[in-house]
Amino acid sequence: MESNAVVWFRKGLRIHDNPALDYACRGSSHIFPVFVLDPRYLHPDPSAFSLGSARAGLNRIRFLLDCLLDLDSSLRNLGSRLLVLKGHPEPASVICQILKDWNIRKLCYEFDTEPYGQARDRQVTDFASQLGIEVFSPVSHTLFDPAEVIKKNGGRPPLTYQSFVALAGKPPDPLAKTYSELPPVGNVGNVELLNIPTIEELGYKDIEQEEFSPFGGGESEALRRLKEVLKDKEWVANFEKPKGDPSAFWKPATTVLSPYLKFGCLSSRYFYHCLHSVYLTVGKHTSPPVSLVGQLLWREFFYTVAFGTPNFDQMRGNKICKQIPWKDDDKLLVAWREGRTGYPWIDAIMIQLKKWGWMHHLARHSVACFLTRGDLFIHWEKGRDVFERLLIDSDWAINNGNWLWLSCSAFFYQYHRIYSPISFGRKYDPDGKYIRHFLPVLKDMPNEYIYEPWTAPLSIQKKANCIIGKDYPRPVVVHDKANKECRKKMGEAYGKVGSVEEEDNVAASESTAKQKRKRRT
DNA sequence: AACGCTGTTGCGTAG
DNA sequence: ACTACGCAACAGCGT
């Protein structure tokens, strides 16, 4: 008797530790491993501010295509294949169609906590239940089920990392199952199957950019990279996130496993399990929040808060987000986005983002602080949009969580601690190797001036072939002045006195304090 | 209700 | 290279 199952891949682009795949195989005569290409994610959008689609920059599109090629190849090694479908008019309706066309009994896919995924999956589950099709959607993207953690906490997400860790406990083990063969693919009938497209086939032609992300996608690459990381047990055991060097780029100071976790090429449960095995073989190791396991728990923390907080990705209507009157200034925003702020450290990071789709965590902090509370006082949502598009690891919950953090809108509130766009980079890379690589226009600027080229005498600028104001921009703001103004505005937004001499502010802050008290009672 | 403690990753200076 | 301190001072949480 025929029993057909669909494995719907979205994230979770892997064979290992894949409960949806595992369940689909059980008792099924045929399985249909499906991926739906979403044109909005893939096809060129000329109106976007960078090369890419409406949703993603070219680096992430390329990364996704790598993932699909690798997944298809792994499935083929097991006697199956990836069925790539055209996502017209949208992915959910395509899935509904094949459930009927292929006489499906079981639909299996990994649970997705993002609002976009939730809405999409609701459509499909509603349809499937009308047809009496069994839907299996396990939580396997994260270590824990965000809904369960929230329930354990009395219905509200924990708002501090420590309380989250205390609540979370031990994550489940990864599935140990390996396959030698999968059930065969069933008859697809008249449904049109696509090849996994190349970048050129998608319509990206005459690409001028000369440097692309050095990180390739796919489960095989993820597992290779993981193995490489785990080989150096001392490094794993002694890892402390805040101590990493953000200017290291040929040999990054972190694992660069985030893009693989984002697409689910690497199972977070398997990663966690491997880290614990290393910890067992070494005597001493670092601990959360700074350790590698700690990093995985940060991911869980943000997933949980994001899942339990309405309007998590915006300021308005977001209960945990400080309401701050950010400035609207498109000129400054574009200068930041395009790496033209005149601060080489900031601009080099933004160029690395554009070219590589990845930069070190602390580099992200530098530019996020600069855009928001540090210098430009521009809305964190604008910066979030740029990261979301360009990062190969951009992840809805984590990206928004970190922008809330860095802008002192939630989780972190010490707005006097501002990253200097000059000295922060210099303490890691006094010779400016990082800047020279990503901003070659400054490659001959002497070390003395590489972080502040506008202070170089004209003779030096000429000798370095880089005239400030012509070949490289002057600073868009004066940091010493800008960061003082930002602190003042932050103070006002927090309902405190911005400066002592302004009586109005004192009165205003007292009245908001009163209102606060009133609201609480 | 007021207070102390804590918080992944600031800067500049002194020793 | 490393640590300690002043700077000026935040919110959340627990007592």
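Values in this document were obtained by computation on a predicted structure and should not be read as measured data.
- Side chains of Asp431(A) and Asn447(A): a donor-acceptor N/O pair is present below 3.5 angstrom, by distance only.
- Residue Lys319(A) contributes atom NZ, which lies 14 Å from atom P of dG12(C) at whole-angstrom precision.
- Near DNA chain B, meaning a heavy atom under 4.0 Å away, the residues from residues 352-363 of chain A are His361(A), Leu362(A).
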Under 3.5 Å donor-acceptor pairs involving side-chain atoms of residues 254-261 of chain A, not counting sequence neighbours:
residue, atom, partner, partner atom, Å
Thr255(A), OG1, Leu257(A), N, 3.1
Ser258(A), OG, Asp393(A), OD2, 2.7
Tyr260(A), OH, Gly216(A), O, 2.6

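- At whole-Å resolution of the value, CD in Glu240(A) and C1' in dC2(C) are 14 Å apart.
- In this pair, Phe249(A) and His437(A) present their aromatic rings tilted. The plane angle is within the 30 to 60° band.
- Below 30°, between 30° and 60°, or above 60°: for His379(A) and Trp326(A) the angle between ring planes is between 30° and 60°, a tilted geometry.
- Note: CE (Met490(A)) to C1' (dA11(C)) measures 12 Å, nearest angstrom.
- Geometrically, Arg62(A) engages Phe212(A) in a cation-pi contact defined by less than 6.0 Å to the ring centre and at most 45° from the axis.
- Here Tyr415(A) does not pack flat against the base of dC10(C), since the 5.5 angstrom centre distance and 30 degree tilt limits are not both met.
- Across the C1' atoms, dC13(C) and dA1(B) are found 15 Å apart, a figure rounded to whole Å.
- Salt-bridge check for Arg120(A) with Asp112(A): passed, with a basic side-chain N closer than 4.0 Å to an acidic carboxylate O.
- Between Tyr413(A) and Tyr494(A), the ring-plane angle classifies as perpendicular under the 30° and 60° cut-offs.
- Between the side chains of Arg364(A) and Asn402(A), not a single donor N or O lies within less than 3.5 Å of an accepting N or O.
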| Criterion salt bridge (Lys or Arg N to Asp or Glu O under 4.0 Å) on Glu148(A) and Lys152(A), from CA distance to verdict | CA-CA 6 Å; Glu148(A) 254 176 49; Lys152(A) 252 200 244 178; over 6 Å; no
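- Remark: the Gln414(A) side chain and the dG10(B) base include no donor-acceptor N/O pair separated by less than 3.5 Å.
- Comment: Lys327(A) does not engage Glu485(A) in a salt bridge, judged by the lack of any side-chain N to carboxylate O separation of less than 4.0 angstrom.
- A straight line from CD of Glu300(A) to P of dT8(B) spans 16 Å, rounded to a whole angstrom.
- In terms of position along DNA chain C, the nucleotide closest to Lys243(A) lies nearer the 5' end than the nucleotide closest to the other residue of the pair Lys243(A) and Ile320(A).
- Here the side chains of Tyr272(A) and Val293(A) are in contact, with some heavy-atom distance below 4.5 Å.
- A side-chain donor from one of Glu211(A) and Trp356(A) sits under 3.5 Å from a side-chain acceptor of the other.
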Write out a two-atom table: protein N or O, nucleotide N or O from nucleotides 13-15 of chain C, distance below 3.5 Å.
none

| said: Show me the dot-bracket string of DNA chain C, counting Watson-Crick or G-U pairs under 3.5 Å, with | for pairs to another strand and [ ] for crossing ones. | reply: .||||||..||||||
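- dG7(B) and dA9(C) are spaced 13 Å apart, taking the C1' atom of each and rounding to whole Å.
- For Tyr413(A) and dA9(C), the OH to C1' distance is 15 Å, given to the nearest whole Å.
- Taking atom CG on Asn483(A) and atom C1' on dC7(C), their separation rounds to 13 Å, with Å as the unit.
- Put simply, NZ on Lys322(A) is 9 Å from C1' on dC10(C), counting in whole angstrom units.
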Could you list the donor-acceptor pairs under 3.5 angstrom formed by side chains in residues 262-271 of chain A, with sequence neighbours left out?
residue, atom, partner, partner atom, Å
Lys262(A), NZ, Ser394(A), O, 2.5
Ser267(A), OG, Asp17(A), OD2, 2.5
Ser267(A), OG, Arg269(A), N, 3.1
Ser267(A), OG, Tyr270(A), N, 3.0
Ser268(A), OG, His141(A), O, 3.3
Arg269(A), NE, Asp17(A), OD2, 3.0
Arg269(A), NH2, Asp17(A), OD1, 2.7
Arg269(A), NH2, Asp17(A), OD2, 3.4

Can you tabulate the close N/O pairs, meaning under 3.5 Å, that link protein atoms to atoms of nucleotides 11-15 of chain B?
residue, atom, partner, partner atom, Å
dC11(B), OP1, Ser420(A), N, 2.7
dC11(B), OP2, Lys427(A), NZ, 2.9
dG12(B), OP2, Ser423(A), OG, 2.8

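- Residue-level contact check: Gln162(A) touches the backbone only, with heavy atoms under 4.0 Å from sugar-phosphate atoms and none from bases.
- Rounded to an integer number of Å, the gap from NE2 of His365(A) to C1' of dG10(B) is 12 Å.
- Within 6.0 Å of CD in Gln118(A) there are more than 12 heavy atoms belonging to other residues, nucleotides or ligands.
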